[in-house]
Amino acid sequence: MSKIRAAITAIDSYLPNYILTNHELEQMVDTSEEWITTRTGIKTRHILKGTGKGTSDMGTKAVDRLLKKRGIKPGEVDLLLCCTVTPDMMFPATANIISDNIGIKNAFSYDINAACSGFLYTLGTAALFVESGKYNKVVIVGADKMSSIIDFTDRQTCVLFGDGASAILLEPTTENVGVMDHIFQSDGSGKIHLHMKAGGSVKPPSHETVEAREHYVYQEGKAVYKFAVANMADVSVEIMKRNNLSSENISYLVPHQANMRIIESVGKRMGLDKKQIMINIERYGNTTNATIPLCLWDYEKQLKKGDNLILSAFGGGFTWGAIWLKWAYDPDV
Ligand code: ACO
């Protein structure tokens, strides 16, 4: 019997309406449109506005659109995984909330937190469920309301991030497409460079932690940058080598969108042309768990069945990894 593989069979997304421009950021912190564009590649990002709105609001819209696009009823879903660093609450899992909003009743659901590598880790995990033969319809939703944990007085960080959600459906196939290989790594010693200081069990919220602005992303940008370039490039080159893939065999690199210069360095190490790299950072910024599926969604019409894609990410933890994915369907004509 041929091997069961996990194939992405549909993708859809939701981006909130409000668009935060570099010019607006110039009014908020000591920065310039020119600095942000040349140092990061970002021009605009979407921001979820409105009291009482969280990550699940965006995730629910993305999943609802996904199921309608593929013509699937909520009751058919076996498993829903949500990757996020900005859950609605510490518990229950945002995945449970999204499932309830959609009416997904015959499934189990939980969250995965691997910072900016979350979508890759979750795709790898979900692929194993599908490959087991026990689960036929698995939804992954990558969603983050980064604006809820960004200090809009910290110019080094606030220019980088945006909000958004993107969802994919994974289904079994016996064709030679889908998730072909993956490499995942992590190193917890990286936490000194990228973390949130308070709000967890070590330092629960208090007046002092709020006054000290410790509920926001803390990052040492330069250190993170160096680790990101080295590790994303290493793992992407390694997955190519061990599967005998040359740069000509690769249709696209699908990189986590953190900084245009990181993306270009990784592409260069892999020997790729710029046209072989999915890039949308200029419009969305770093949406953490949504960046990679947002790229696939934006480029969906250009993808053909059998295209070789290398998905690659680096994030807080540190976490990093790469997936070799063979695209499973042709665009609608
Ligand atoms: N506008 C103007 N100047 C700025 C800004 C800004 N927004 N931010 C920093 N600067 C200044 C600095 O203060 C510094 O000034 P100085 O030389 O007078 O000290 C100068 O610009 C250069 O600063 P660097 O930190 O050297 O700038 P760099 O080129 O490294 O760019 C950046 C900074 C964009 C943060 C980059 O390091 C980066 O992208 N790092 C990776 C961040 C990342 O990917 N994080 C994602 C992980 S998040 C997660 O996992 C949840």
Side-chain angles (χ1 to χ4, degrees), residues 20-45 55 82-87 111-122 142-165 184-197 199-200 215-233 255-266 279-282 284-292 294 312-321:
L20 176 61
T21 64
N22 290 347
H23 291 300
E24 192 175 346
L25 282 162
E26 284 178 336
Q27 315 306 312
M28 295 158 70
V29 287
D30 180 15
T31 190
S32 66
E33 147 74 17
E34 201 264 332
W35 192 96
I36 303 172
T37 307
T38 53
R39 305 311 289 164
T40 73
I42 302 165
K43 293 260 184 207
T44 57
R45 53 305 273 144
T55 295
C82 177
C83 37
T84 185
V85 290
T86 51
D111 288 355
I112 292 183
N113 177 348
C116 294
S117 306
F119 182 79
L120 282 200
Y121 278 31
T122 308
D144 271 301
K145 183 184 172 187
M146 292 306 291
S147 60
S148 66
I149 57 166
I150 294 305
D151 183 349
F152 281 97
T153 65
D154 171 8
R155 69 173 180 173
Q156 194 216 177
T157 306
C158 72
V159 301
L160 300 176
F161 294 94
D163 302 337
F184 299 129
Q185 300 193 320
S186 55
D187 177 1
S189 68
K191 87 167 183 205
I192 53 168
H193 304 295
L194 186 53
H195 57 262
M196 186 187 289
K197 294 194 180 298
H215 294 273
Y216 297 120
V217 172
Y218 167 84
Q219 69 162 349
E220 293 158 10
K222 244 190 180 15
V224 176
Y225 183 94
K226 280 189 194 148
F227 281 108
V229 169
N231 289 317
M232 265 175 83
H256 171 54
Q257 311 279 307
N259 185 311
M260 181 68 105
R261 292 178 293 139
I262 297 176
I263 295 170
E264 284 172 352
S265 302
V266 174
I279 298 171
N280 57 18
I281 190 171
E282 67 280 5
Y284 309 141
N286 181 350
T287 53
T288 302
N289 282 280
T291 60
I292 289 178
L294 278 172
S312 178
F314 181 87
F318 291 137
T319 56
W320 66 101

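Excluded from the calculations below are hydrogen atoms, water molecules and symmetry mates; all remaining heavy atoms, backbone and side chain alike, are included. Indexing begins at 1, ligand by ligand and atom by atom, following the structure's order.
- With Arg45 contributing its side chain and Val159 its backbone, the two residues share a donor-acceptor pair below 3.5 Å.
- The shortest N or O to N or O distance between Thr31 and ligand 1 is below 3.5 Å.
- Between Leu294 and Gln257 the shortest side-chain heavy-atom distance does not fall below 4.5 Å.
- Given atom 44 (O) of ligand 1, the protein heavy atom at minimum distance is Ala258 CB, 3.3 Å.
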- Please report the C-alpha distance between Asp111 and Thr84 in whole Å, then the side-chain angles of each, then the deciding distance to 0.1 Å, and finally whether the side chain to side chain contact (heavy atoms under 4.5 Å, CB included) criterion is met. CA-CA 7 Å; Asp111 288 355; Thr84 185; 4.1 Å; yes

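- Atom 14 (C) of ligand 1 is not flagged as protein-proximal [any protein heavy atom, distance under 4.0 Å].
- Protein heavy atom nearest atom 32 (C) of ligand 1, with residue, atom name and distance: Asn259 ND2, 4.5 Å.
- The shortest N or O to N or O distance between Ala115 and ligand 1 is not below 3.5 Å.
- Of the heavy atoms in Phe161, only side-chain atoms (C-beta onward) come closer than 4.0 Å to ligand 1.
- A side-chain donor-acceptor contact under 3.5 Å links Thr55 to the backbone of Lys145.
- Close contacts of ligand 1 with Arg39, meaning ligand atoms under 4.0 Å from a residue heavy atom, involve 29 (O).
- The distance criterion of under 3.5 Å between nitrogen or oxygen atoms is not met by Thr40 with respect to ligand 1.
- With contacts defined as side-chain heavy-atom distances shorter than 4.5 Å, the pair Cys158/Met28 does not qualify.
- Of the candidates Arg261, Lys226, Glu220, Arg155, the one placing a heavy atom closest to atom 31 (O) of ligand 1 is Arg261.
- When distances from atom 18 (O) of ligand 1 to the protein are checked, no heavy atom turns up under 4.0 Å.
- Counting protein heavy atoms only, atom 26 (O) of ligand 1 is closest to Lys222 NZ, 2.5 Å.
- Judged by distance alone, with hydrogens and angles left aside, the side-chain atoms of Ser117 form no donor-acceptor pair with the main-chain N or O of Leu120 at under 3.5 Å.
- For Val224, the heavy-atom gap to ligand 1 drops under 4.0 angstrom.
- Distance screen at 4.0 Å: atom 22 (C) of ligand 1 has no protein heavy-atom neighbour inside the cut-off.
- For Asn286, no nitrogen or oxygen atom sits less than 3.5 Å from a nitrogen or oxygen atom of ligand 1, counting backbone and side chain alike.
- Phe227 and Phe314 have parallel rings, their planes meeting at less than 30° on a 0 to 90° scale where 60° marks the start of perpendicular.
- Under a cut-off of 6.0 angstrom, the local environment of OH in Tyr225 is crowded, with over 12 non-hydrogen atoms contributed by other residues, nucleotides or ligands.
- With hydrogens left out, the protein atom closest to atom 41 (C) of ligand 1 is Gly221 O, 3.7 Å, a heavy atom.
- With hydrogens and angles disregarded, no donor-acceptor distance shorter than 3.5 Å links the side chain of Asn286 to the backbone of Leu160.
- Remark: side-chain polar atoms of Thr319 are paired, donor with acceptor, to backbone N or O of Gly316 under 3.5 angstrom.
- Taking the side chain as every heavy atom from C-beta outward, Val217 and Leu194 approach each other to under 4.5 Å.
- Given atom 45 (N) of ligand 1, the protein heavy atom at minimum distance is Gln219 OE1, 3.0 Å.
- Put simply, the side chain of Asn22 gets close to the backbone of Ile42: a donor and an acceptor are under 3.5 Å apart.
- Ligand 1 lies within reach of Val159, whose nearest heavy atom is under 4.0 Å from it.
- Heavy-atom proximity to atom 33 (C) of ligand 1, evaluated over Phe314, Trp35, Tyr225, is greatest for Trp35.
- Every N/O-N/O distance between Gly315 and ligand 1 stays at or above 3.5 Å.
- Protein heavy atom nearest atom 47 (C) of ligand 1, with residue, atom name and distance: Leu194 CD2, 3.5 Å.
- Of the residues listed (Thr288, Thr291, Thr86), the one engaging Asp144 in a side chain to side chain donor-acceptor pair (under 3.5 Å) is Thr86, and it is the only one.
- In terms of protein heavy-atom proximity, atom 49 (C) of ligand 1 is nearest to Cys116 SG, 3.0 Å.
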